[in-house]
There are 2 protein chains.
Amino acid sequence: MSDCANCIVRNQAICGALSPDELEILNKAGRKQRLTAGQTLFWEGDDSLLVANVIEGVLKLSTSMADGREQIVGVVFPSDFIGRPFGGVSSHSVTALTDAYLCTFARSDFDRFAAQYPALERKLLDRTLTELDRARKWMLLLGRKTATEKTASFILEMSDRLGRQGCESEGPADSFLLPLGRQQIADILGLTIETVSRQLTKMKQDGLIELPDRRAITIRDRDALQMQVA
Amino acid sequence: MSDCANCIVRNQAICGALSPDELEILNKAGRKQRLTAGQTLFWEGDDSLLVANVIEGVLKLSTSMADGREQIVGVVFPSDFIGRPFGGVSSHSVTALTDAYLCTFARSDFDRFAAQYPALERKLLDRTLTELDRARKWMLLLGRKTATEKTASFILEMSDRLGRQGCESEGPADSFLLPLGRQQIADILGLTIETVSRQLTKMKQDGLIELPDRRAITIRDRDALQMQVA
DNA sequence: CGTATATTTGATCGAGCTCAACCAGCGTGG
DNA sequence: CCACGCTGGTTGAGCTCGATCAAATATACG
């Protein structure tokens with residue numbers, strides 16, 4: 001684990017609500033777990049047996065239909081929380097997009113612990129409310145935006161979220177490496193891979209972005225891009 | 001307020017976490033408020049100054065774009081909670097679809113109260129997690145389903161949620177009155193009003209449903225409808 | 001290198017959108 | 001009571017954006 005990842009997790013993860021000795025207790029209940037890119041932590045419909053904090057890496061939350069159509073419903077970064085506490089079944093699969101390092105807890109242990117520390121539940125509630133807002137914003141994109149608007153929104157959102165990953169919470173990054181392939185971008189935006197590809201090359205031709213490498217994006221004209229989102 | 005509405009609110013609202021005297025205190029902080037159909041409680045982007053519990057009626061949560069495109073991101077029934085506790089701005093407008101009766105709280109009062117009663121926060125967390133799951137399920141619909149699948153999903157979801165409204169938590173209703181017009185259905189499904197209309201008449205012709213009246217739907221063949229969702 | 005995988009590009013098609021006309025219910029006022 | 005207009009919903013015709021099908025390139029990897 002890099003020091004930097006360590007730093008952001010300490011500062012922003014829900015465990016931040018705990019005192020050092022409380023943290024000690026929680027840590028004993030937790031288990032560090034490595035995932036390699038592509039590996040799935042648990043599946044949609046599994047009953048929720050574990051929760052986790054992301055220490056390093058990026059994961060996707062996805063639901064899919066019997067015929068294979070898939071929708072990515074969330075992308076999870078270091079310090080983010082994974083899983084469904086307090087019973088129920090998971091409404092989505094969780095799969096590593098990059099190699100990842102997690103701190104996992106048996107759900108029953110976590111539930112018991114959370115019940116004892118309201119500050120933890122409070123932090124979790126805050127986070128869940130933020131996720132809900134993000135999900136709802138994404139619903140507007142999925143239901144009402146055009147392919148161009150979707151793609152521009154995606155680039156700006158990624159620039160923003162990837163930019164906040166470092167220690168000194170820098171602003172949005174103008175040049176970044178995507179933790180996703182084209183198919184996964186399509187699954188986030190509710191488009192096909194071909195449409196995503198065409199939109200990106202169009203934006204490159206128009207001088208809005210550079211595509212130095214299949215996983216990299218550089219923003220050349222942020223304002224123009226911002227115009228495209230709606 | 002009908003006794004029935006009273007009953008479901010008592011049984012299911014977050015206040016259920018409170019003892020009678022705690023409830024008393026909370027009630028003093030609250031204010032009953034009537035809304036008439038079409039009236040907006042607060043707008044997207046307002047900073048969050050109040051939260052509320054729905055006692056009676058149905059409301060929509062929606063976001064929209066500068067050019068007027070709108071997406072409904074949630075539909076709220078009696079006993080549901082409205083608003084963004086703990087700061088931040090509202091990510092969506094809240095508008096009454098029918099006449100409605102709410103129990104509202106100044107956000108600051110509610111926040112203070114919630115901090116004192118972890119059981120309340122816990123219940124709120126539970127509810128928020130459920131809402132998040134629902135939102136994510138809806139993202140699959142918006143991003144990946146066809147017009148027919150969207151419409152079938154909508155009818156079944158409405159049947160389900162409207163069926164649970166009564167006292168004795170009956171199962172899904174086979175015949176119900178929508179609290180929405182066609183345009184609003186379109187805004188939920190990410191379609192146009194014309195497409196919704198065509199899908200409904202098609203389903204009527206195929207004998208899956210009846211449309212006794214512009215606001216009413218009767219399900220004739222639930223299994224066939226269930227097939228259509230995917 | 002050669003083979004497998006990811007992406008781009010091209011050509012065509014069709015689901016759902018747009019634009020436009022029509023219709024049904026319904027409250028209002030003559 | 002009935003003509004009238006208004007609102008909300010349906011139906012039709014044509015078009016467009018994004019999907020689909022197909023092929024050509026990159027890129028990764030043994």
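These numbers come from a predicted model, not from an experiment. Naming convention: chains lettered A, B, ... in sequence-line order (proteins, then strands); numbering from 1 in each chain. Atoms considered below: every heavy atom in the structure, side chains included; atoms not considered: hydrogens, waters and symmetry mates.
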CZ/Arg69(A): more than 12 non-hydrogen atoms of other groups inside 6.0 Å:
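Correct, the count exceeds 12.
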Within 6.0 Å of CZ in Arg127(B), more than 12 heavy atoms from elsewhere
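Yes, because the 6.0 Å sphere around CZ of Arg127(B) holds more than 12 heavy atoms from other groups.
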Would you mind reading off the distance between [X] atom [atom1] and [N] atom [atom2], rounded to a whole angstrom?
{"X": "Leu97(A)", "N": "dA6(C)", "atom1": "CG", "atom2": "P", "answer": "14 Å"}
{"X": "Met203(A)", "N": "dT8(C)", "atom1": "CE", "atom2": "P", "answer": "13 Å"}
{"X": "Leu189(A)", "N": "dA19(D)", "atom1": "CG", "atom2": "P", "answer": "10 Å"}
{"X": "Gln205(A)", "N": "dT9(C)", "atom1": "CD", "atom2": "C1'", "answer": "11 Å"}
{"X": "Arg215(B)", "N": "dA24(C)", "atom1": "CZ", "atom2": "C1'", "answer": "15 Å"}
{"X": "Ile193(B)", "N": "dT7(D)", "atom1": "CD1", "atom2": "P", "answer": "14 Å"}
{"X": "Leu200(A)", "N": "dT7(C)", "atom1": "CG", "atom2": "P", "answer": "10 Å"}
{"X": "Asp187(A)", "N": "dG18(D)", "atom1": "CG", "atom2": "P", "answer": "17 Å"}

I need the Ser64(A) OG to Arg144(B) CZ distance, nearest 0.5 Å.
11.0 Å
How long is the span from the CG atom in Leu141(A) to the CE atom in Met139(B), to the nearest 0.5 Å?
8.5 Å
Donor-acceptor contact present, side-chain [X] to main-chain [Y], <3.5 Å:
{"X": "Thr98(B)", "Y": "Val58(B)", "result": "yes"}
{"X": "Ser197(A)", "Y": "Ile193(A)", "result": "no"}
{"X": "Gln71(B)", "Y": "Asp187(B)", "result": "yes"}
{"X": "Lys60(A)", "Y": "Ile72(A)", "result": "no"}

Going by an N to O cut-off under 4.0 Å, is there a salt bridge joining [X] and [Y]?
{"X": "Glu44(A)", "Y": "Arg136(B)", "answer": "no"}
{"X": "Arg84(A)", "Y": "Asp133(B)", "answer": "yes"}
{"X": "Glu56(A)", "Y": "Lys32(A)", "answer": "no"}

Students should find that the end-to-end axis angle of the helix from dC1(C)-dG30(D) to dG30(C)-dC1(D), with five pairs defining each axis and rounding to 10 degrees, is 30°
Give the B/S/- string for nucleotides 13-22 of chain C, one per nucleotide from 5' to 3', where a protein heavy atom under 4.0 Å of the base yields B, of only the sugar-phosphate yields S, and otherwise -.
---SSBB---
Give the B/S/- string for nucleotides 25-30 of chain D, one per nucleotide from 5' to 3', where a protein heavy atom under 4.0 Å of the base yields B, of only the sugar-phosphate yields S, and otherwise -.
--S---
Could you pull out all residues at least two apart from Phe77(B) that satisfy ring-ring contact (aromatic ring centres under 6.0 Å, His included)?
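For Phe77(B), no residue satisfies ring-ring contact (aromatic ring centres under 6.0 Å, His included) once neighbours in sequence are set aside.
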Those residues that, when tested against Thr95(B), pass side-chain hydrogen bond (donor to acceptor under 3.5 Å, both in side chains) (two or more places apart)
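Thr95(B): side-chain hydrogen bond (donor to acceptor under 3.5 Å, both in side chains) contacts with Thr40(B).
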Which residues in residues 68-76 of chain A have a heavy atom closer than 4.0 Å to any atom of DNA chain D?
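Those residues whose heavy atoms fall under 4.0 Å from DNA chain D, taken from residues 68-76 of chain A, amount to none.
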